[in-house]
Each structure stands twice: as C-alpha cells, then as structure tokens.
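Accompanying notes for the structure given below.
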Amino acid sequence: MAGSSRLMIYGATGYTGRLVAEHAQHLDLDFIVAGRNQERVDTLAKELGVEGRSFPVDDPALVRDGLDDVTAVLNVAGPFRKTAGPLMDACIAGGVHYLDTTAEYGVFAAAQTRHAEAAAAGVMVMAGAGWDVVPSDCVAAHAAARVTDPIRLRIALKLLSASPEEAAGLNLFSRGSIASATEGIGELGALVRADGDIVTLPEPKTASFDFGDGGPEACVSAPMGDLVTSHVSTGVPTIEVYVQTGQPLPIDIDLDALPDGPTAAEREVGRSKVVAEATGRDGSVARALIDTPTGYRFTQHSSVEIARRVLEGSFTAGFQSPASAYGPELALAVADSHITDL
C-alpha cells in the first residue's frame with residue numbers, strides 16, 4: 001500500500017461526487033478528485049485546490065497508473081456495474097482499499113466474491129458506504145444482537161419521511177442515481193436470502209411496516225444490497241428486504257430534462273428511515289428503527305467518515321459490510337442519526 005494516506009474520489013464531478021468531495025475538504029482530508037472527463041476533473045480540482053486525475057475504467061493499465069500513491073479509492077461513479085469491477089481489480093492488485101456508494105445488488109454480490117483476494121492483499125473492499133446500506137446494515141446488526149441465535153431478518157426502507165406539503169414537488173433523485181438504479185432494473189427478479197442462499201421468488205412479497213409516521217405502511221420486497229451485507233454482518237441465514245411503496249423511482253423519463261439532483265434546500269427536507277426486525281430461533285422478535293438525514297446528505301457524510309477511518313488505519317481486510325467493519329455504532333456517528341428499539 002502507498003505510504004501516504006491519500007484518498008481518491010472517483011466520479012467526483014457527478015452530483016454525489018461533488019457533495020462527497022466538498023465534505024472531504026471540510027474535514028481537511030488529503031484527497032484527489034478523479035473521473036473520466038478530463039475537462040470536468042480539471043475544473044473541479046482547480047475549484048477545490050486539490051490534485052485531479054483523469055482516466056477511463058476500461059483500460060486496466062491506465063487505472064493502475066491512476067492509483068499511484070493512493071491509500072483508498074471512494075468510487076461514486078455510477079452506474080457502478082460499469083466502474084466497480086475495474087476499480088476493484090486495480091485496488092486489490094495495487095494494495096489500495098476500495099469503497100463505493102452503490103445501491104446495485106449485483107455490485108455487492110460481485111464484491112463479496114473478492115473477499116479472499118482482498119484479505120490476501122491486506123485491503124478492505126466495501127460496497128455501499130452510503131444510504132441505504134450503512135443505516136440498514138447497522139440497524140439490522142443492532143436488532144439481531146437483541147435476540148438469541150437470530151435466524152431471520154426483515155429490513156424495510158423508507159426513503160422520505162415528510163409531510164405531504166413538504167414532499168409536494170420535491171426532487172428526490174439525481175440523474176446519476178436514476179440511471180444507476182433503473183438500468184437493468186427488471187433483470188434481477190424477486191430476490192431473497194433463504195437458509196443462506198440467494199433465491200428468486202415467482203413474484204415480490206408484500207408486507208407492512210410501521211416507520212412511526214402514523215401507522216403501518218405498505219412495502220414490497222426488492223433485490224437490495226442488504227441481502228449480502230446483512231448476511232455478512234449478522235450471519236442470519238434468511239433475509240428479506242422491503243421498500244416502502246409510496247415514492248416509486250422515476251422510470252421511463254427523459255433524464256436530460258431533469259436537474260442534476262435535489263437542491264441544498266431539498267436535501268434538508270424530511271428524514272429517511274429503516275426498520276429492522278430480527279427473529280430468534282426461540283421465536284423471540286426484536287425490532288428497531290434508525291432515523292437519518294435523507295439519502296444524499298447521509299451518503300455525503302457516511303462515505304467520507306468511512307474513508308477517514310480507513311486513512312487513519314482503521315479497517316478490516318477483505319470484503320466487509322459497514323457493520324462488520326465498524327459495528328452498529330457506525331451509523332450513529334453520521335450527522336444526527338439515531339436508533340430506537342421498538
């Protein structure tokens with residue numbers, strides 16, 4: 001691994017990437033901004049007063065060269081199914097830690113297969129260093145610890161908890177997030193983890209969860225990264241992940257007609273919530289809720305917090321989930337997040 005403690009933020013010129021870079025600067029981290037477009041990288045680097053590097057991910061030699069003198073890479077360049085693999089390859093080969101902010105199930109599954117290589121290289125690989133996986137993994141580990149021999153987890157995500165008046169006309173997503181989440185959205189199917197294995201159901205499951213906003217709310221199961229991360233952090237063999245159905249992701253829309261993402265004011269509206277329900281072998285049930293800032297603001301803080309810890313030498317080699325590396329308390333160190341036992 002490189003001797004200096006330097007972070008590379010790859011994809012720094014995107015909507016989320018810029019937020020992350022600004023927070024890294026606020027914390028006075030030693031970081032480099034990087035991406036595929038040299039002109040945009042150079043402009044951002046000059047604006048922030050840091051080094052900028054430009055290279056595509058489809059040339060392995062250029063990627064390896066681009067990581068020279070870097071301790072860790074924080075990848076915020078989606079769609080991650082195109083960027084994560086090449087950057088992971090170069091990081092493991094070069095002894096560099098790899099983090100990203102993906103929400104794409106396939107990236108989590110692929111990252112987990114790199115565990116042995118990453119461990120042998122002495123580096124940590126962590127997919128999902130933002131919302132939802134940091135809070136969902138932490139609250140799942142918290143709930144699982146409250147029952148003896150947990151055998152089942154149900155996790156439910158609510159992207160926005162806000163009044164109808166606050167939510168009216170609100171832009172929730174960046175163009176990059178929509179592109180990342182909707183590309184190939186129908187290909188995965190209705191995935192759950194059953195007795196340790198990922199299986200595909202004939203159709204998604206439905207259930208109701210109470211997020212503390214006036215009663216139970218309808219949710220539908222979804223192929224989320226928690227099917228991987230919560231298994232790593234808790235060892236629970238049966239896991240289902242649900243998403244509250246009130247705010248569907250925009251699909252089949254003209255991305256070019258959208259703004260880059262939510263405004264600073266929009267990022268402050270409402271909260272995001274995750275409920276975790278753990279069942280023990282004896283039938284006992286523990287439920288907990290984590291309440292966080294909304295997605296982009298949480299991701300801005302959580303990804304940089306994890307990167308900061310890695311730069312300071314706090315990491316566990318191999319593929320790790322947020323909670324397996326740092327415990328359920330990690331999420332509580334991010335902005336004004338808190339866990340409540342239900």
Side-chain angles (χ1 to χ4, degrees), residues 103 105-113 115-116 119 126-128 131-158 188-212 216-245 273-292 316 318-332 338-342:
Y105 169 79
V107 174
F108 290 93
Q112 188 178 24
T113 68
H115 174 72
M126 182 184 291
W131 209 96
D132 73 291
V133 163
V134 172
S136 57
D137 194 49
C138 290
V139 75
H142 174 88
R146 294 176 56 214
V147 299
T148 301
D149 193 11
I151 60 170
R152 184 186 184 205
L153 268 174
R154 295 200 305 165
I155 300 166
L157 316 173
K158 184 173 184 178
L188 290 173
L191 300 183
V192 298
R193 185 176 291 275
D195 296 326
D197 297 323
I198 297 294
V199 299
T200 304
L201 302 178
E203 60 183 22
K205 301 181 73 169
T206 59
S208 294
F209 293 87
D210 192 339
F211 298 94
E217 299 179 59
C219 298
V220 62
S221 65
M224 305 296 288
D226 306 271
L227 295 172
V228 175
T229 55
S230 291
H231 184 61
V232 169
S233 60
T234 69
V236 173
T238 296
I239 302 170
E240 298 167 0
V241 187
Y242 294 81
V243 177
Q244 187 254 358
T245 58
K273 298 182 177 182
V274 184
V275 169
E277 176 190 273
T279 302
R281 191 171 297 279
D282 61 358
S284 60
V285 176
R287 298 180 181 88
L289 179 145
I290 187 166
D291 182 317
T292 76
T316 301
F319 174 76
Q320 301 295 328
S321 74
S324 74
Y326 300 110
E329 300 77 20
L330 170 66
L332 304 183
H338 51 271
I339 291 175
T340 303
D341 291 332
L342 302 177

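Throughout, residue positions are numbered sequentially from 1 according to the sequence presented.
Within the 4.5 Å cutoff, side-chain heavy atoms of Phe211 are placed close to those of Gln244. Residues Met126 and Phe319 fail the side-chain proximity criterion, which asks for heavy atoms closer than 4.5 Å. Within the 4.5 Å cutoff, the side chain of Val232 has heavy atoms near those of the Gln112 side chain. When side chains are defined from C-beta on, Tyr242 counts as touching Arg154, because their heavy atoms get closer than 4.5 Å. In this structure the side chain of Asp291 never reaches within 4.5 angstrom of the side chain of Thr340, judged on heavy atoms. For the pair Thr279 and Val147, the minimum side-chain heavy-atom distance is 4.5 Å or more. Side-chain contact between Val134 and Leu330 is present, with heavy atoms from C-beta onward closer than 4.5 Å. A heavy-atom distance below 4.5 Å is not found between the side chains of Asp149 and Asp282.
Residues Ile339 and Pro328 approach most closely at CD1-O, 4.4 Å, considering heavy atoms. Contact between Ala190 and Pro204 at its shortest, heavy atoms only, is CB-N, 3.5 Å. Counting all heavy atoms, side chain and backbone alike, Ala194 lies closest to Val199 at CB-CG2, 4.0 Å. Nearest heavy-atom pair across Cys219 and Phe209 is SG-CD1, 3.8 Å. The two atoms that bring Asp210 and Leu342 nearest to each other are O-CD1, 4.4 Å, heavy atoms only. For the pair Leu227 and Arg193, the tightest heavy-atom approach, listed with the atom from each and the gap, is O-NE, 2.8 Å.
To the nearest 0.5 angstrom, Glu203 atom CD is 9.0 Å from Leu201 atom CG. Separation of atoms CD (Glu277) and CZ (Arg152) is listed at 6.5 Å; rounding is to 0.5 Å. Between Leu332 atom CG and Cys138 atom SG the span is 7.5 Å, to the nearest 0.5 Å.
Evaluation of the side chain to side chain donor-acceptor pair (under 3.5 Å) rule for Tyr326 yields no partner, not counting sequence neighbours. Applying the side chain to side chain donor-acceptor pair (under 3.5 Å) rule to Thr292 yields the partners Trp131; only residues at least two apart in sequence or on another chain are considered. Ser230 is linked by a side chain to side chain donor-acceptor pair (under 3.5 Å) to nothing, counting only residues two or more places apart in sequence or in another chain.
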Practice item. Output, in order, the C-alpha distance, side-chain angles, deciding distance and verdict of salt bridge (Lys or Arg N to Asp or Glu O under 4.0 Å) for Asp341 and Arg287. Key: CA-CA 6 Å; Asp341 291 332; Arg287 298 180 181 88; over 6 Å; no

Practice item. With side chain to side chain contact (heavy atoms under 4.5 Å, CB included) as the test, would you mind laying out the steps for Met224 and Asp132 before giving the verdict? Key: CA-CA 9 Å; Met224 305 296 288; Asp132 73 291; 3.7 Å; yes

Practice item. Output, in order, the C-alpha distance, side-chain angles, deciding distance and verdict of side chain to side chain contact (heavy atoms under 4.5 Å, CB included) for Ile198 and Tyr105. Key: CA-CA 11 Å; Ile198 297 294; Tyr105 169 79; 3.4 Å; yes

Check your understanding: Can you check side chain to side chain contact (heavy atoms under 4.5 Å, CB included) on Val220 and Lys205, steps first, answer last?
Key -> CA-CA 6 Å; Val220 62; Lys205 301 181 73 169; over 6 Å; no

**Study point:** Worked verdict on Ser221 versus Glu240 for side chain to side chain contact (heavy atoms under 4.5 Å, CB included)
**Key:** CA-CA 7 Å; Ser221 65; Glu240 298 167 0; 5.6 Å; no

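In this structure a side-chain-to-backbone donor-acceptor pair under 3.5 Å is present from Asp137 to Ala323. Under a 3.5 Å cut-off, the side chain of Thr245 and the backbone N or O of Ala218 do form a donor-acceptor pair. Proximity of a side-chain donor or acceptor of His231 to a complementary backbone N or O of Ile239 within less than 3.5 Å is not detected. Looking only at distances, a side-chain donor or acceptor of Thr238 sits under 3.5 Å from a matching main-chain atom of Asp195.
Side-chain contact check for Gln320 and Thr316: no donor-acceptor pair (N or O, by modelled atom type) lies under 3.5 Å.
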